[in-house]
Amino acid sequence: MSVPPDWPTGETEALAEQERLRPQVVTEGPAPDRTPGVLVAGVDVAYDDEKDVVAAAAVLLDYATLEVVEETTAVGPVAFPYLPGLLAFRELPAVTEALRGLTVRPEVVVCDGYGLAHPRRFGLASHLGVLTGLRTIGVAKTPFVFEHREPGPRRGDWSPLLDRGETVGRAVRTREGVKPVFVSVGHRIGLTEAAEITLALAPHYRLPETTRRADSLCRRALAAETAADVQ
DNA sequence: GCGACAG
DNA sequence: ATCTTGTCGC
(Lines give C-alpha, C1' and ligand atoms only; values in the text may rest on other atoms or scores of the structure.)
Protein backbone atom coordinates (compact mmCIF):
# COMPACT_ATOMS: atom_id res chain seq x y z
CA MET A 1 0.00 0.00 0.00
CA SER A 2 1.12 3.57 -0.64
CA VAL A 3 -0.34 6.90 0.40
CA PRO A 4 -2.16 8.70 -2.47
CA PRO A 5 -0.07 11.54 -3.95
CA ASP A 6 -2.76 14.10 -3.19
CA TRP A 7 -3.30 12.98 0.42
CA PRO A 8 -3.26 15.90 2.92
CA THR A 9 0.04 16.30 4.74
CA GLY A 10 -0.91 18.84 7.37
CA GLU A 11 -3.72 19.94 9.66
CA THR A 12 -4.91 22.90 7.58
CA GLU A 13 -5.13 20.84 4.44
CA ALA A 14 -6.96 18.03 6.25
CA LEU A 15 -9.53 20.40 7.74
CA ALA A 16 -10.23 21.84 4.29
CA GLU A 17 -10.68 18.35 2.87
CA GLN A 18 -13.23 17.49 5.59
CA GLU A 19 -15.08 20.70 4.81
CA ARG A 20 -15.12 19.85 1.10
CA LEU A 21 -16.38 16.27 1.47
CA ARG A 22 -18.81 16.65 4.36
CA PRO A 23 -21.77 17.82 2.23
CA GLN A 24 -21.70 14.49 0.40
CA VAL A 25 -22.64 12.42 3.46
CA VAL A 26 -26.06 10.76 3.30
CA THR A 27 -27.55 10.32 6.77
CA GLU A 28 -30.39 7.95 6.08
CA GLY A 29 -30.82 4.54 4.56
CA PRO A 30 -31.79 0.96 5.38
CA ALA A 31 -30.16 -1.85 7.32
CA PRO A 32 -29.51 -4.96 5.21
CA ASP A 33 -31.78 -8.00 5.43
CA ARG A 34 -30.52 -10.68 7.76
CA THR A 35 -30.71 -13.46 5.24
CA PRO A 36 -27.84 -15.84 4.43
CA GLY A 37 -25.62 -14.51 1.66
CA VAL A 38 -25.83 -10.86 2.71
CA LEU A 39 -22.27 -9.74 3.45
CA VAL A 40 -20.96 -7.14 5.87
CA ALA A 41 -17.37 -6.05 6.43
CA GLY A 42 -15.30 -4.93 9.39
CA VAL A 43 -12.12 -2.85 9.06
CA ASP A 44 -9.41 -1.95 11.55
CA VAL A 45 -5.76 -0.89 11.66
CA ALA A 46 -2.70 -1.49 13.85
CA TYR A 47 0.46 0.62 14.00
CA ASP A 48 4.13 0.49 14.62
CA ASP A 49 5.00 4.17 14.69
CA GLU A 50 8.67 3.41 15.40
CA LYS A 51 8.99 1.64 12.08
CA ASP A 52 6.44 3.91 10.38
CA VAL A 53 4.24 0.95 9.51
CA VAL A 54 0.46 0.61 9.47
CA ALA A 55 -1.41 -2.64 8.79
CA ALA A 56 -5.09 -2.63 7.85
CA ALA A 57 -7.50 -5.55 7.68
CA ALA A 58 -10.88 -6.02 6.04
CA VAL A 59 -12.97 -9.03 7.00
CA LEU A 60 -16.14 -10.09 5.21
CA LEU A 61 -18.81 -11.83 7.30
CA ASP A 62 -22.16 -13.35 6.43
CA TYR A 63 -24.62 -11.02 8.16
CA ALA A 64 -26.98 -13.83 9.13
CA THR A 65 -24.52 -16.44 10.38
CA LEU A 66 -21.50 -14.23 11.22
CA GLU A 67 -19.23 -16.73 9.47
CA VAL A 68 -16.05 -15.32 7.97
CA VAL A 69 -16.22 -15.36 4.18
CA GLU A 70 -13.06 -13.50 3.16
CA GLU A 71 -10.11 -11.64 4.70
CA THR A 72 -7.68 -9.11 3.23
CA THR A 73 -4.84 -6.97 4.58
CA ALA A 74 -2.74 -4.04 3.39
CA VAL A 75 0.53 -2.81 4.85
CA GLY A 76 2.23 0.52 4.20
CA PRO A 77 3.75 3.69 5.63
CA VAL A 78 1.82 5.73 8.21
CA ALA A 79 -0.02 8.43 6.26
CA PHE A 80 -0.62 11.07 8.93
CA PRO A 81 0.07 11.77 12.63
CA TYR A 82 -2.64 11.07 15.18
CA LEU A 83 -4.64 14.21 15.80
CA PRO A 84 -8.08 13.96 17.46
CA GLY A 85 -10.69 14.81 14.84
CA LEU A 86 -8.38 13.89 11.96
CA LEU A 87 -8.09 10.15 12.53
CA ALA A 88 -9.36 9.36 9.05
CA PHE A 89 -6.26 10.84 7.43
CA ARG A 90 -4.14 8.39 9.39
CA GLU A 91 -6.18 5.26 8.77
CA LEU A 92 -8.02 5.51 5.47
CA PRO A 93 -5.25 4.94 2.89
CA ALA A 94 -4.54 1.51 4.37
CA VAL A 95 -8.23 0.74 4.97
CA THR A 96 -9.35 1.56 1.43
CA GLU A 97 -6.49 -0.50 0.05
CA ALA A 98 -7.52 -3.51 2.17
CA LEU A 99 -11.14 -3.09 1.04
CA ARG A 100 -10.02 -3.10 -2.58
CA GLY A 101 -8.70 -6.61 -1.99
CA LEU A 102 -12.16 -8.02 -1.31
CA THR A 103 -13.74 -9.81 -4.25
CA VAL A 104 -17.27 -8.83 -3.19
CA ARG A 105 -18.66 -5.45 -2.16
CA PRO A 106 -20.19 -5.59 1.34
CA GLU A 107 -23.65 -4.18 2.09
CA VAL A 108 -22.20 -2.34 5.10
CA VAL A 109 -18.75 -1.58 6.46
CA VAL A 110 -18.35 -1.33 10.24
CA CYS A 111 -15.59 1.08 11.32
CA ASP A 112 -13.71 1.28 14.59
CA GLY A 113 -14.44 4.91 15.54
CA TYR A 114 -17.01 7.56 14.68
CA GLY A 115 -19.00 8.84 11.74
CA LEU A 116 -21.31 11.83 12.31
CA ALA A 117 -20.32 11.91 15.98
CA HIS A 118 -17.43 14.19 15.24
CA PRO A 119 -16.62 17.84 15.97
CA ARG A 120 -17.31 18.70 12.31
CA ARG A 121 -19.73 15.80 11.66
CA PHE A 122 -17.24 13.98 9.46
CA GLY A 123 -15.51 11.17 11.34
CA LEU A 124 -13.66 8.33 9.65
CA ALA A 125 -16.77 6.20 9.05
CA SER A 126 -18.46 9.01 7.09
CA HIS A 127 -15.21 9.83 5.31
CA LEU A 128 -14.75 6.20 4.24
CA GLY A 129 -18.34 6.08 3.02
CA VAL A 130 -17.96 9.18 0.86
CA LEU A 131 -14.64 8.01 -0.62
CA THR A 132 -15.90 4.53 -1.50
CA GLY A 133 -19.65 4.99 -1.91
CA LEU A 134 -20.16 2.12 0.53
CA ARG A 135 -22.72 2.13 3.33
CA THR A 136 -20.82 2.63 6.61
CA ILE A 137 -21.39 2.87 10.35
CA GLY A 138 -19.06 3.82 13.20
CA VAL A 139 -18.81 1.84 16.43
CA ALA A 140 -16.42 3.35 18.98
CA LYS A 141 -15.24 2.15 22.37
CA THR A 142 -15.10 5.49 24.17
CA PRO A 143 -17.40 8.56 24.22
CA PHE A 144 -14.75 10.88 22.73
CA VAL A 145 -15.83 14.46 23.50
CA PHE A 146 -19.56 13.75 23.78
CA GLU A 147 -22.02 13.41 26.64
CA HIS A 148 -24.46 10.62 27.42
CA ARG A 149 -26.54 9.16 30.23
CA GLU A 150 -25.83 5.64 31.33
CA PRO A 151 -28.08 3.39 29.21
CA GLY A 152 -30.36 0.82 30.91
CA PRO A 153 -28.74 -2.43 32.11
CA ARG A 154 -30.02 -4.83 29.48
CA ARG A 155 -28.66 -5.73 26.06
CA GLY A 156 -30.30 -3.41 23.53
CA ASP A 157 -30.81 -0.54 25.99
CA TRP A 158 -29.43 2.76 24.74
CA SER A 159 -29.24 6.51 25.34
CA PRO A 160 -28.49 9.42 23.01
CA LEU A 161 -24.91 10.52 22.46
CA LEU A 162 -24.97 14.30 22.59
CA ASP A 163 -22.85 17.18 21.37
CA ARG A 164 -24.07 20.29 23.20
CA GLY A 165 -27.61 18.95 23.11
CA GLU A 166 -27.57 17.70 19.54
CA THR A 167 -27.93 13.94 19.03
CA VAL A 168 -24.93 12.63 17.13
CA GLY A 169 -25.13 8.93 17.98
CA ARG A 170 -26.15 6.35 20.58
CA ALA A 171 -24.55 4.67 23.57
CA VAL A 172 -25.73 1.08 23.00
CA ARG A 173 -25.56 -1.72 25.54
CA THR A 174 -24.58 -4.84 23.59
CA ARG A 175 -24.02 -6.94 26.69
CA GLU A 176 -25.49 -6.93 30.18
CA GLY A 177 -23.08 -5.73 32.86
CA VAL A 178 -20.61 -4.33 30.33
CA LYS A 179 -19.91 -0.76 29.22
CA PRO A 180 -21.87 0.38 26.15
CA VAL A 181 -20.40 1.00 22.70
CA PHE A 182 -20.89 4.30 20.87
CA VAL A 183 -22.67 4.05 17.54
CA SER A 184 -22.98 6.73 14.89
CA VAL A 185 -24.10 7.08 11.29
CA GLY A 186 -21.35 6.77 8.72
CA HIS A 187 -22.88 7.08 5.25
CA ARG A 188 -26.13 6.04 3.50
CA ILE A 189 -27.77 4.83 6.71
CA GLY A 190 -29.93 6.08 9.59
CA LEU A 191 -29.03 6.03 13.28
CA THR A 192 -31.70 3.50 14.28
CA GLU A 193 -30.49 1.20 11.51
CA ALA A 194 -26.85 1.64 12.53
CA ALA A 195 -27.74 0.65 16.10
CA GLU A 196 -29.73 -2.34 14.84
CA ILE A 197 -26.74 -3.58 12.83
CA THR A 198 -24.43 -3.14 15.80
CA LEU A 199 -26.65 -5.29 18.01
CA ALA A 200 -27.01 -7.95 15.32
CA LEU A 201 -23.24 -8.16 14.96
CA ALA A 202 -22.59 -8.36 18.72
CA PRO A 203 -24.63 -11.32 20.02
CA HIS A 204 -21.99 -12.44 22.55
CA TYR A 205 -19.34 -9.81 23.10
CA ARG A 206 -19.26 -6.06 23.70
CA LEU A 207 -17.84 -5.28 20.24
CA PRO A 208 -19.28 -6.33 16.86
CA GLU A 209 -17.80 -9.53 15.41
CA THR A 210 -16.69 -7.52 12.39
CA THR A 211 -14.50 -5.30 14.57
CA ARG A 212 -13.16 -8.21 16.62
CA ARG A 213 -12.13 -10.18 13.55
CA ALA A 214 -10.59 -7.17 11.81
CA ASP A 215 -8.73 -6.18 14.98
CA SER A 216 -7.14 -9.57 15.41
CA LEU A 217 -6.28 -9.84 11.71
CA CYS A 218 -4.56 -6.45 11.41
CA ARG A 219 -2.49 -7.20 14.51
CA ARG A 220 -1.34 -10.46 12.99
CA ALA A 221 -0.52 -8.71 9.71
CA LEU A 222 1.52 -6.07 11.55
CA ALA A 223 3.39 -8.69 13.56
CA ALA A 224 4.19 -10.65 10.41
CA GLU A 225 5.43 -7.49 8.67
CA THR A 226 7.49 -6.34 11.63
CA ALA A 227 9.14 -9.75 11.92
CA ALA A 228 9.79 -10.51 8.27
CA ASP A 229 10.73 -7.21 6.60
CA VAL A 230 14.03 -5.26 6.92
CA GLN A 231 13.37 -3.85 3.45
C1' DG B 1 -2.76 29.94 26.67
C1' DC B 2 -3.37 24.90 28.33
C1' DG B 3 -5.47 20.54 28.56
C1' DA B 4 -8.83 16.99 26.78
C1' DC B 5 -9.43 14.37 22.86
C1' DA B 6 -12.06 8.32 18.15
C1' DG B 7 -7.52 5.07 17.28
C1' DA C 1 -3.15 2.90 19.22
C1' DT C 2 0.46 0.64 22.50
C1' DC C 3 2.98 -1.51 26.90
C1' DT C 4 0.95 -7.09 28.38
C1' DT C 5 0.16 -13.00 32.19
C1' DG C 6 -2.25 -14.64 34.94
C1' DT C 7 -6.27 -14.39 37.20
C1' DC C 8 -10.89 -13.36 39.46
C1' DG C 9 -15.60 -14.30 38.29
C1' DC C 10 -19.94 -15.74 35.86
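Here the structure is a predicted model, which is why all the values come from computation and not from measurement. In what follows, chains carry the letters A, B, and so on, assigned in the order in which the sequence lines appear, proteins first and then strands, with residues in each chain numbered from 1.
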S.K.: With a 4.0 Å cut-off on heavy atoms, is A/Tyr114 in touch with a base, just the backbone sugar-phosphate, or nothing at all?
M.R.: base

S.K.: Do the side-chain N and O atoms of A/Tyr47 and A/Glu91 include a donor-acceptor pair separated by under 3.5 angstrom?
M.R.: yes

S.K.: Measure the shortest side-chain to side-chain distance between A/Leu21 and A/Leu131 over non-hydrogen atoms and say whether it is less than 4.5 angstrom.
M.R.: yes

S.K.: C/dT2 C1' sits how many Å from A/Asp49 CG, rounded?
M.R.: 9 Å

S.K.: For A/Lys141 and B/dA6, is the shortest distance between a side-chain N/O and OP1 or OP2 below 4.0 Å?
M.R.: no

S.K.: Could you state the OH-P distance from A/Tyr47 to B/dA6, rounded to the nearest angstrom?
M.R.: 13 Å

S.K.: To the nearest angstrom, how far is A/Ile137 atom CD1 from B/dA6 atom C1'?
M.R.: 15 Å

S.K.: Determine whether a donor-acceptor pair (N or O, by modelled atom type, separation under 3.5 Å) exists between the side chain of A/Arg90 and the backbone of A/Ala79.
M.R.: no

S.K.: In what stems does DNA chain B take part, counting only runs of at least 3 consecutive Watson-Crick or G-U pairs whose two distances fall under 3.5 Å?
M.R.: none

S.K.: Please determine whether a side-chain nitrogen of the Lys or Arg among A/Glu193 and A/Arg135 lies less than 4.0 Å from a carboxylate oxygen of the Asp or Glu.
M.R.: no

S.K.: Tell me, which of residues 78-97 of chain A have any heavy atom that sits under 4.0 Å from an atom in DNA chain B?
M.R.: A/Tyr82, A/Pro84, A/Gly85, A/Leu86, A/Leu87, A/Arg90, A/Glu91

S.K.: Can you see whether A/Thr103 engages A/Glu70 through a side-chain donor-acceptor pair at a distance of less than 3.5 angstrom?
M.R.: yes

S.K.: Take nucleotides 3-10 of chain C nucleotide by nucleotide from the 5' end and write B, S or -, depending on whether a protein heavy atom sits under 4.0 Å from the base, only from the sugar-phosphate, or from neither.
M.R.: --------

S.K.: For the pair A/Tyr114 and A/Phe146, name the ring-plane relationship: parallel under 30°, tilted 30 to 60°, perpendicular over 60°.
M.R.: perpendicular

S.K.: I want to check one thing: is the phosphate of B/dG7, taken as OP1 and OP2, less than 4.0 Å away from some side-chain N or O of A/Thr142?
M.R.: yes

S.K.: Please report the distance, rounded to the nearest Å, between CG in A/Leu124 and C1' in B/dG7.
M.R.: 8 Å

S.K.: Side chains of A/Arg212 and A/Ser216: donor-acceptor distance under 3.5 Å anywhere?
M.R.: no

S.K.: With heavy atoms under 4.0 Å as the rule, sort A/Asp48 into base, sugar-phosphate or nothing.
M.R.: nothing

S.K.: Can you see which heavy atom on A/Pro8 is nearest to which on A/Phe89, and at what distance?
M.R.: CG-CE2, 3.6 Å

S.K.: Would you call A/Thr174 and A/Tyr205 a side-chain contact if the rule is heavy atoms closer than 4.5 Å?
M.R.: no

S.K.: Indicate yes or no: at least one non-hydrogen side-chain atom of A/Val43 is less than 4.5 angstrom from one of A/Val110.
M.R.: no

S.K.: What is the distance, to the nearest angstrom, from the CZ atom on A/Arg164 to the P atom on B/dC5?
M.R.: 17 Å

S.K.: What is the nucleic acid contact for A/Ala46, judged by heavy atoms within less than 4.0 Å: base, sugar-phosphate only, or nothing?
M.R.: sugar-phosphate

S.K.: Examine the side chains of A/Thr73 and A/Arg220 and answer whether a donor and an acceptor come within less than 3.5 Å of each other.
M.R.: no

S.K.: Quickly work out the A/Asp44 CG to B/dA6 C1' distance and round it to whole Å.
M.R.: 12 Å

S.K.: Among B/dC5, C/dA1, B/dA6, which is the nearest nucleotide to the side chain of A/Val145?
M.R.: B/dC5

